[in-house]
Amino acid sequence: MLDGLTLLLNDRAPGDTVPLTEVRHRASERGRGVRIAEVLAAAGLLDDDTEPAIRSWIHRRTNELPAAFASDVRAWLLVLLDGDTRSRPRSPRTVYSYFGSVRPLLEQWSASRGHLREITSTDIATAIEPLRGWPRSNTITALRSLFRFATRRRVVFTNPTARLTNPGGERSLLPMTDAEIRAIETRVTTPAQRLVVALAAVHAADATTIRGLILDDVDLPNRRITLRGVAQPLGPLAHRALKVWTEHRRSTWPHTPNPHLLISRGTAHGVGSVSQTYITDQLLPDGVGIDRIRNDRILHEALSTGPDPLHLALIFNIGHTTASRYTAFAQAIT
């Protein structure tokens with residue numbers, strides 16, 4: 001790695017940055033390109049001049065769509081990825097999922113429709129009628145996202161999904177059953193797994209929040225934790241899980257420079273966070289969904305304190321629309 005750094009920095013003035021494309025071209029043959037890039041980035045000397053893979057994927061896949069839909073769908077996916085003044089950025093995983101759900105329908109509609117504004121509520125009802133379970137729920141969610149975007153941008157005159165409901169999405173808000181809780185207690189055994197489950201079950205933290213936590217966000221002696229910029233008391237379950245995890249982290253990687261609370265064998269030698277898929281797909285066993293646990297925690301608070309969306313928004317730092325959805329569902333099942 002030092003040889004690679006010497007090769008890249010030898011002819012540069014102090015403070016000059018190194019393009020990432022040059023790192024990959026000149027240092028990757030030594031098998032240390034990724035680590036060299038991490039060191040340069042930590043030193044403020046890396047210029048990432050590459051196009052993220054997700055962006056090139058969006059352009060490539062939307063170019064394969066019928067011409068009538070390509071540009072509008074591309075704009076929608078890019079807003080999903082980057083966010084705008086009215087919506088937060090979504091993960092690449094969400095972008096992949098949404099596009100995979102709507103692409104078959106767009107190809108089907110292209111035979112008789114020349115623009116998104118020609119799609120009617122009848123077209124959508126006919127397209128989703130054969131779908132069942134999660135494929136149906138995911139498709140409805142993706143279609144509603146697409147046509148909300150199209151309505152805001154004046155791409156369509158009326159939103160054909162305005163009256164489209166998604167019962168599958170609401171079913172995910174139902175309280176966890178005793179069997180689900182016992183299954184989680186049985187299958188979650190490692191310190192990292194217990195930490196993730198505790199933060200979701202006590203503080204309704206999602207995977208993005210957990211992977212972004214740094215050591216300075218945790219104050220074990222005073223039993224405080226800062227989540228999404230909001231300091232709050234640590235619950236007993238989360239406090240115990242954090243103590244066990246930090247002891248395990250210190251004994252396993254005593255010299256790690258990584259400031260993040262949750263690290264893995266792959267990130268212990270750098271400064272980056274673990275990936276989203278590390279938590280959702282690799283760390284948590286199959287059948288244990290962090291979103292399911294988080295939803296149960298917020299719903300439990302709504303059932304315990306009464307229908308007060310402002311309380312939920314303040315406690316869990318969620319949007320008022322989301323908080324209202326939880327309170328409305330809590331009222332409906334009581």
Side-chain angles (χ1 to χ4, degrees), residues 20 48-110 115-117 119 124 127-128 131 133-156 159-162 164 166 168-169 172 200 205-212 228 272-284 286 289-292 294-295 318-319 321-322 325:
L20 180 55
D48 188 351
D49 59 340
T50 62
E51 182 182 40
I54 179 65
R55 291 186 177 277
S56 58
W57 179 88
I58 287 173
H59 287 285
R60 184 177 69 256
R61 298 308 298 270
T62 53
N63 283 337
E64 298 170 357
L65 288 174
F69 303 125
S71 61
D72 294 327
V73 173
R74 183 183 304 114
W76 166 58
L77 294 177
L78 289 173
V79 167
L80 278 179
L81 182 66
D82 298 330
D84 59 14
T85 56
R86 301 181 62 178
S87 61
R88 60 181 176 82
R90 301 302 183 92
S91 68
R93 191 175 182 183
T94 298
V95 175
Y96 294 139
S97 174
Y98 279 17
F99 181 75
S101 295
V102 303
R103 179 180 179 176
L105 306 187
L106 295 172
E107 292 176 340
Q108 173 185 331
W109 290 329
S110 67
H115 197 278
L116 282 178
R117 70 173 60 96
I119 307 300
I124 291 176
I128 64 175
L131 302 177
W134 282 112
R136 179 185 178 89
S137 176
N138 292 344
T139 300
I140 290 175
T141 301
L143 285 171
R144 291 173 66 179
S145 173
L146 170 61
F147 282 99
R148 277 198 303 267
F149 163 82
T151 303
R152 290 199 306 265
R153 295 296 178 90
R154 302 293 191 269
V155 174
V156 300
N159 184 349
T161 67
L164 190 63
N166 189 0
S172 68
D206 57 20
T208 300
T209 300
I210 293 172
R211 61 189 286 262
R228 297 178 293 275
S273 64
V274 297
S275 67
Q276 191 92 356
T277 55
Y278 172 78
I279 295 178
T280 55
D281 294 348
Q282 300 177 45
L283 189 60
L284 294 181
D286 185 41
I290 189 170
D291 288 337
R292 181 80 171 109
R294 178 175 180 269
N295 289 343
I318 58 179
T321 301
T322 302
R325 178 167 166 253

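Position 1 is the first residue of the sequence; numbering continues from there.
- Counting heavy atoms from C-beta outward, Val102 and Trp109 have side chains that stay 4.5 Å or more apart.
- Here Ser275 pairs with Thr277 under the side chain to side chain donor-acceptor pair (under 3.5 Å) rule; sequence neighbours left out.
- For Ala207, the side-chain contact (heavy atoms from CB on, under 4.5 Å) partners at least two apart in sequence or on another chain are Gln276, Ile279, Thr280, Ile290.
- Not a single ring pair (Phe, Tyr, Trp, His ring centres under 6.0 Å) links Tyr278 to another residue, sequence neighbours left out.
- In this structure, Pro89 has no side-chain contact (heavy atoms from CB on, under 4.5 Å) partners at least two apart in sequence or on a different chain.
- Considering only heavy atoms from C-beta on, Val95 comes within 4.5 Å of Trp57 through its side chain.
- Every residue two or more places apart in sequence or in another chain that forms a side-chain contact (heavy atoms from CB on, under 4.5 Å) with Asp72 is listed here: His115, Leu116, Val155.
- In this structure, the side chains of Leu80 and Phe99 stay at 4.5 Å or more apart for every pair of heavy atoms.
- Applying the side-chain contact (heavy atoms from CB on, under 4.5 Å) criterion to Ser71, with sequence neighbours excluded, gives Arg74.
- Judged as a salt bridge (Lys or Arg N to Asp or Glu O under 4.0 Å), and not counting sequence neighbours, the contacts of Arg152 are Asp84.
- In plain terms, the two heavy atoms of Arg55 and Leu81 that are nearest each other are CG-CD2, 3.9 Å.
- Residues that satisfy the side chain to side chain donor-acceptor pair (under 3.5 Å) test with Thr94, not counting sequence neighbours, are Ser91.
- Leu77 is listed as a side-chain neighbour of Val73, based on a closest heavy-atom distance under 4.5 Å.
- Counting only N and O atoms by type, the side chains of Thr141 and Asn138 include no donor and acceptor under 3.5 Å apart.
- Here the closest non-hydrogen pair linking Gly100 and Pro104 is O-CD, 3.3 Å.
- Every residue was checked against the salt bridge (Lys or Arg N to Asp or Glu O under 4.0 Å) condition with Arg211, not counting sequence neighbours, and none meets it.
- Sorted by first and then second residue, the salt bridge (charged side-chain N to carboxylate O under 4.0 Å, His left out) pairs involving residues 97-106 (not counting sequence neighbours) are Glu64-Arg103, Arg103-Glu107.
- Checked against side chain to side chain donor-acceptor pair (under 3.5 Å), Ser97 has no partners two or more places apart in sequence or in another chain.
- A distance of 7.0 Å separates CG in Leu131 from CG in Leu105, rounded to the nearest 0.5 Å.
- Ring planes of Tyr98 and Trp76: parallel class, angle under 30° (limits at 30 and 60°).
- The side chain to side chain donor-acceptor pair (under 3.5 Å) check on Thr161 picks up Asn159, with sequence neighbours excluded.
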